[in-house]
Amino acid sequence: MSDPFDLSDDEPHAVRSNAPAVPPPWLDRLNPEQRQAVETTEGPVLVLSGAGTGKTRVLTARLAHIVMTRLAKPWNLLAVTFTNKAAREMRERVSALIGPASEQLWLGTFHALGVRMLRRHARLAGLESNFTILDTDDQLRLLKQVMETGRVDSKRWPAQALMGTIQRWKDRGLTPAQVTDGEAGDFAAGRAVELYQAYQERLRSLNACDFGDLLLHCLTIFKDPQHIDVLAEYQRQFRYILVDEYQDTNIAQYLWLRLLAQKHRNICCVGDDDQSIYSWRGAEVGNILKFEHDFPGATVVRLEANYRSTPAILAAASELIRHNEGRLGKTLRPGGVDPQPGEPVVVRGLWDGEEEARWVVEEIEARHRAGTSLNEIAILVRAGFQTREFEERLITTGIPYKVIGGLRFYERQEIRDALAYFRVVVQPADDLAFERIVNVPKRGLGDATLQAVHVLARAQGIGLVAAARQLIASDELKPRARTTLAGLLIDFDRWRSLLAAVGHGELAQTILDESGYTGMWQNEKTPDAQGRLENLKELAAAMDEFDSMAGFLEHVSLVMENDERTDVERINVMTLHGAKGLEFDVVFLPGWEEGVFPHQRAIEASGAQGLEEERRLAYVGVTRARQRVYVSYAANRRIYNQWQNNLPSRFVEELPAEMVERLAEKGLFGGVTEAAAAWGTNWNSGYLTQRQRRTDREAPDAAAPPDDGYAPGDRVFHQKFGYGLVQTVDGNKLEISFDKAGVKKVLDSFISMA
DNA sequence: GATAATCCGGTTTTT
DNA sequence: CCGGATTATC
């Protein structure tokens, strides 16, 4: 490989001497490193792409470059992403560069591409090509059945845990036969592998797959010596392979890529080891760390010019991540011309979570007044439950917000029920769907009936619907159940016969109405019933966008996302994980306390490695911001209604002092150091054990309470809420009607007699 | 077969 | 403290 560019850090503006005067559009305005990443088409290439260094741009330019210079036809390119969103974005951007040819690219998520291949060769994996893809919910139910059949005590051994184990095995590309005895663990007295085996058999008999199988079956087929032609064909086809977010790949994905890339060896992986935050779901940072070893002769390109954040933010992020070991090493530098340092990162300590929320929202209002769009502001938290405090404060303040990554459309109960009806109609053999809706709405087909169906199905080795059909022809069932079940099956058949005749959106509505499902929610008096009915309407309407009901179901199983409306300006509230790949002008990072962030359990579960991943998460958070970063921590926090006092996160100390403006709560502490010292007297880093919590439940003594209790009617004073009257007393919990702040529940340790 | 009582757990998430 | 999930009861 010729080496036209100097990759060393100290030559940011190296210029290619033989560059054409006018570069083609897809190479326009790329910096030298980006351009090298695009133009080094032959051989393995690893692009280490720091946050905000134009990764997507490089990927799309590379695709365009290969197609436009006729190195290969679009269908000779395989481009893999993790999320549908990333895939969509990439396709749009490539399309802008190369036009309709982009439709011919093999571009999609690992799973979508896996399905595409697997449908073609399903037989080789023991499936029919119209197999169904189960989601987590179905998987768990199936696994429970398997465990029941295997007489495993589901109390001692939760199905969820087994599901996790199996998923991790699949992440590593292991079929039941490949799991070694040493790995079996002690789950269900060492029977985990046996259960895994049984689960796979059940899946096959249902003509179904879980997500892990989409790749695992591909691997099995690729490696099958009987069918070497299949792999050979794909290897021949994919002359160029591109992989996005390579640091997030698991072993199965790695193996899949390696097999496909073996012939042409033109594989380009783009990733950032410093942004690897998914090891807990099977991602292997090792994949990126050992790329050069796995693909000898690889070209490594580092993208370090950041076009997103201010120098101050970059300095803070770089210094923070420098505390990690085992990095490939990259330093972000400002990419813009003549960059101003920008505002320092603000770090603020506050008294408690409520005060933190108030401060954050005040600052948001200030930024908004200063002209920042609410869409460009984000609050990024470590864990989902932390959003609540901010939501409450945002509601009282009247600032519109959206919580991203909450419950998703297709995961809602009513949607899943409706889909189950459609599945039964499209795929009569879909037992899991049948079970889900056979008695929804309640029609008197309970456990007894279902059990009879199961017994017959198992005895004859047939599906549940087929078994049900036989049962109603017999006298096994009570007359009532028999009539109802017969009626239901007739309904299924009728709807199925309408598939070809009626528009499927309309048919969907018919199914929901005739099955009584719509009626069930109409009779429901809970406040959310109306919303559920609307969701159902939306579902039926969405279906008309597709060619067929089956096509729609396929789409849904792979694309479990809700399209958000973008009509009003709203601030964004989400987890740090959810924020990866996004950027905002202003980012708030609350809850930087030991035990919360880094999260205690991350450290407990994986020690130093876990801590490093938490630090990467912090790095991801900081690098989301273009203009300003606000970090905050609270001395006291109520978790599960117990007061807990925390130390500031170690990550606070790891930010460079010269890029940080530190503020501490006025009147409480002179500064962070004093504050830390003050808390040190009552220190408990991280979460307390249950027992400690019981004994240490008092918050720090801001105002020492009298030893004897309070009684209703007492006039009291509270540090934050001012004066008020005690309403009720419940142990050390008081309900107080404050003159200014209204009625609040507080602990006696926070108040004193007025 | 459906409703009330009780127990447990409570990080991060895509496909 | 809250929500869900399983269990006890009618």
Side-chain angles (χ1 to χ4, degrees), chain A residues 80-87 108-115 133-141 144 154-155 158-160 164 167 170-171 209-216 244-245 248-250 252-253 276-283 380-388 404-408 410-411 413 439 441-451 478 480-481 484 554-561 574-581 591 595-606 610 613-614 616-618 620-621 638-643 687 690 693 730 733 745:
Chain A
V80 199
T81 65
F82 271 85
T83 63
N84 292 298
K85 196 177 162 202
T109 62
F110 277 102
H111 298 270
L113 295 164
V115 176
I133 302 162
L134 304 188
D135 62 21
T136 329
D137 216 67
D138 290 330
Q139 265 180 68
L140 193 64
R141 284 191 297 145
K144 279 180 182 160
S154 60
K155 307 247 168 37
Q160 194 107 38
Q167 260 164 14
K170 290 187 176 179
D171 286 343
C209 264
D210 65 20
F211 278 112
D213 287 336
L214 298 178
L215 260 76
L216 191 60
D244 190 16
E245 307 275 21
D248 286 339
T249 50
N250 61 35
Q253 290 157 343
S276 162
I277 54 174
Y278 285 113
S279 72
W280 50 272
R281 69 175 196 211
L380 309 182
V381 295
R382 177 61 184 60
F385 70 86
Q386 290 174 278
T387 61
R388 220 194 64 206
I404 298 182
L407 35 117
R408 283 172 296 169
Y410 291 114
E411 278 169 357
Q413 185 194 344
N439 201 28
K442 301 228 166 25
R443 33 172 91 88
L445 298 173
D447 287 348
T449 312
L450 202 57
Q451 196 149 25
K478 298 204 173 121
R480 225 186 150 126
T484 319
E554 163 103 16
H555 170 80
V556 166
S557 58
L558 288 173
V559 187
M560 297 277 284
E561 57 187 15
M574 68 186 98
T575 64
L576 286 160
H577 283 93
K580 198 171 102 176
V596 177
F597 188 41
H599 201 282
Q600 189 66 15
R601 293 180 64 153
I603 298 174
E604 277 164 13
S606 3
E613 184 148 318
E614 295 287 291
R616 291 195 287 269
L617 205 45
V620 166
R638 196 171 46 186
I639 290 180
Y640 313 133
N641 220 31
Q642 300 283 1
W643 281 100
Y687 285 166
Q690 288 284 354
R693 256 188 249 169
D730 174 19
K733 278 172 290 198
K745 283 190 183 128

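Below, chains carry the letters A, B, ... as their sequence lines are ordered, and counting in each starts from 1. What you see below is based on every heavy atom in this structure, not just the backbone, and it leaves out hydrogens, waters and symmetry mates.
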Side-chain donor or acceptor of A/Gln386 paired with backbone N/O of A/Ala383 under 3.5 Å: yes
Whole-Å gap separating C1' (B/dT12) and CD (A/Gln600): 15 Å
Phosphate contact (B/dT15 OP1 or OP2) by A/Asn84 side-chain N/O below 4.0 Å: yes
Aromatic-base stack, A/His111 on B/dT15, cutoff 5.5 Å, angle under 30: no
Of A/Arg443 and A/Tyr278, the one whose closest DNA chain B nucleotide lies more 5': A/Arg443
d(CG, A/Asn250; P, B/dT13) in whole Å: 18 Å
Whole-Å gap separating C1' (C/dC1) and CZ (A/Arg638): 9 Å
Rounded distance (Å) that lies between atom P of B/dG10 and atom CZ of A/Arg388: 17 Å
Nucleotide nearest A/Thr83 (side chain, heavy atoms from C-beta), chosen from B/dT15, B/dT13, B/dT11: B/dT15
More than 12 heavy atoms of other groups within 6.0 Å of A/Gln160 CD: no
Below 4.0 Å: OP1/OP2 of C/dT6 and any side-chain N or O of A/Lys144: yes
A/Phe82-B/dT15 aromatic stacking (under 5.5 Å, under 30°): no
Whole-angstrom distance between C/dG4 and B/dT11, as gauged at atom P: 16 Å
Sugar-phosphate only, base, or nothing, as touched by A/Gly384 at under 4.0 Å among non-hydrogen atoms: sugar-phosphate
Test side chain to side chain contact (heavy atoms under 4.5 Å, CB included) applied to A/Asn250 - qualifying residues, sequence neighbours left out: A/Asp171, A/Ala252, A/Gln253
Atom-to-atom span, CZ of A/Arg141 to P of C/dA5 - whole angstrom: 12 Å
Non-hydrogen side-chain atoms of A/Leu113 and A/Val80 separated by less than 4.5 Å: yes
side-chain hydrogen bond (donor to acceptor under 3.5 Å, both in side chains) partners of A/Arg141, counting only residues at least two apart: A/Asp138
Side chain of A/Ala602 - closest among B/dT11, B/dG1, B/dT15: B/dT11
Interatomic distance, A/Ile639 CD1 vs B/dT11 P [rounded to whole Å]: 10 Å
For atom CG of A/Leu558 and atom P of B/dT14, their distance in whole Å: 14 Å
Check: A/Arg382 side chain, A/Val596 main-chain N or O, donor-acceptor pair, under 3.5 Å: no
hbond_proxy A/Arg601 side chain to B/dT11 base (donor-acceptor, 3.5 Å cutoff): no
Phosphate-side-chain proximity, A/Thr575 and B/dT13, N/O vs OP1/OP2 below 4.0 Å: yes
Rounded distance (Å) that lies between atom P of B/dT14 and atom CD1 of A/Ile277: 11 Å
Mutual orientation of the aromatic rings belonging to A/His577 and A/Trp280 [parallel < 30°, tilted 30-60°, perpendicular > 60°]: perpendicular
Mind listing the N/O atom pairs, protein and nucleotides 8-10 of chain C, below 3.5 Å?
none

Close side-chain approach of A/Asp135 to A/Tyr410, heavy-atom, < 4.5 Å: no
Residue A/Ala383, side-chain heavy atoms: nucleotide from B/dA2, B/dT11, B/dT13 that is nearest: B/dT11
Which residue lies more 5' along DNA chain B, comparing A/Ala448 with A/Glu614 via nearest heavy atoms: A/Ala448
Selected nucleotide, minimal atom distance to A/Arg281 side chain, candidates B/dT11, B/dG1, B/dT13: B/dT13
